[in-house]
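Notes for the one structure printed next.
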Amino acid sequence: EPQPPKPEIPRRTDGYYLNTFVHFGWASDGQFDGRNYRRINMDPGTTWGYGIAAGLHRSKGVRMEVEASWKGSSATPTTAEGASGLDISYYSLMINAYKDFEVPFVDNLDFYSGLGIGWSVASLDGNVSEPGVFGNIPETGDLAFAYQFMLGANYRFTDRLSAVLAYRIFKTGSFNGYNPDFVHLIELALRMDL
């Protein structure tokens, strides 16, 4: 016998939610400027991270949230002036705004776009191969302005639980003499409406 169609789950338009996520990604080479204006180009390597966010649904598919996250990677030099033990990390606090779009002809699925601004305690630490020229890279983090853009899809399993697949671009200003490129991230998340 034919099965009845799965009922459409109403989209939440008000109230609070929690979102927890993990992501992984990549970035193009960045540059570290050391002493005597010498420069090391570095491959940031694969970036991994996780975070949590608390948000509020608004009318007409608009959401606002506060996000706390960590991202990190192990970098390798790509120029003759080598370095070792290079680690990049970001501890970020962001304020994000989203717009949800209901997908026609597909029940329980939404697309969304968003942007966020905030601050990141960012650090690059490690050892260089020519201490007389560069010395050790500082291990303390710098406070750097950060911003990000997000595109994603949200599928509702129940009226409270959703799964999210998203693409995120993250960027900060320079820190510890390092000028990073954009970090591209693929994100998996679970969202719980309260």
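Worth knowing before you read on, the calculation uses all heavy atoms, side chains too, and leaves out hydrogens, waters and symmetry mates.
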Original post:
Do the rings of F175 and Y178 sit parallel, tilted or perpendicular, given the 30° and 60° boundaries?
Top reply: perpendicular
**OP:** Give a yes or no on whether I117 atom CD1 has more than 12 heavy-atom contacts from other residues, nucleotides or ligands under 6.0 Å away.
**Re:** no
**OP:** Start with the C-alpha gap between W119 and F145, add the side-chain angles, then the distance that decides, and say whether side chain to side chain contact (heavy atoms under 4.5 Å, CB included) holds.
**Re:** CA-CA 5 Å; W119 296 97; F145 176 73; 3.8 Å; yes
**OP:** Decide if atom OH of Y16 counts as having more than 12 heavy atoms of other residues, nucleotides or ligands within a radius under 6.0 Å.
**Re:** no
**OP:** Determine whether more than 12 heavy atoms belonging to other residues, nucleotides or ligands lie under 6.0 Å from atom CD1 of I95.
**Re:** no
Original post:
Is the closest basic N to carboxylate O distance between E67 and R168 below 4.0 Å?
Top reply: yes
Original post:
So, do F101 and F111 have ring centers that fall under 6.0 Å from each other?
Top reply: no
Original post:
Can any side-chain N or O of S92 pair as donor or acceptor with the backbone N or O of M94 at less than 3.5 Å?
Top reply: no
**OP:** For the pair E65 and Y98, evaluate side-chain hydrogen bond (donor to acceptor under 3.5 Å, both in side chains) and give the outcome as yes or no after the intermediate values.
**Re:** CA-CA 8 Å; E65 70 178 26; Y98 296 94; 3.0 Å; yes
Original post:
Could R156 and D110 be called an ion pair, given the rule that one side-chain N must be under 4.0 Å from one carboxylate O?
Top reply: yes
Subject >> Separation of M150 CE from N96 CG (nearest 0.5 Å) >> reply: 4.0 Å
Original post:
Quick check: does any side chain N or O of S89 sit under 3.5 Å from a backbone N or O of G72, one acting as donor and the other as acceptor?
Top reply: no
Original post:
Is there side-chain contact between R63 and Y112, with at least one heavy-atom pair below 4.5 Å?
Top reply: yes
Original post:
D142 side chain to A144 main-chain N or O, any donor-acceptor pair under 3.5 Å?
Top reply: no
Original post:
When the aromatic ring centroids of W70 and Y90 are compared, is their separation below 6.0 Å?
Top reply: no
**OP:** Check the side chains of Y50 and H23 for a donor-acceptor pair under 3.5 angstrom, ignoring hydrogens and angles.
**Re:** no
**OP:** Find the distance between OG (S73) and CE (M42) and round it off to the nearest 0.5 Å.
**Re:** 9.0 Å
**OP:** Could you tell me whether a side-chain N or O of K71 sits under 3.5 Å from a main-chain N or O of L185, the two making a donor and an acceptor?
**Re:** no
**OP:** May I ask you to check whether D100 and H57 show a side-chain donor-acceptor distance below 3.5 Å?
**Re:** no
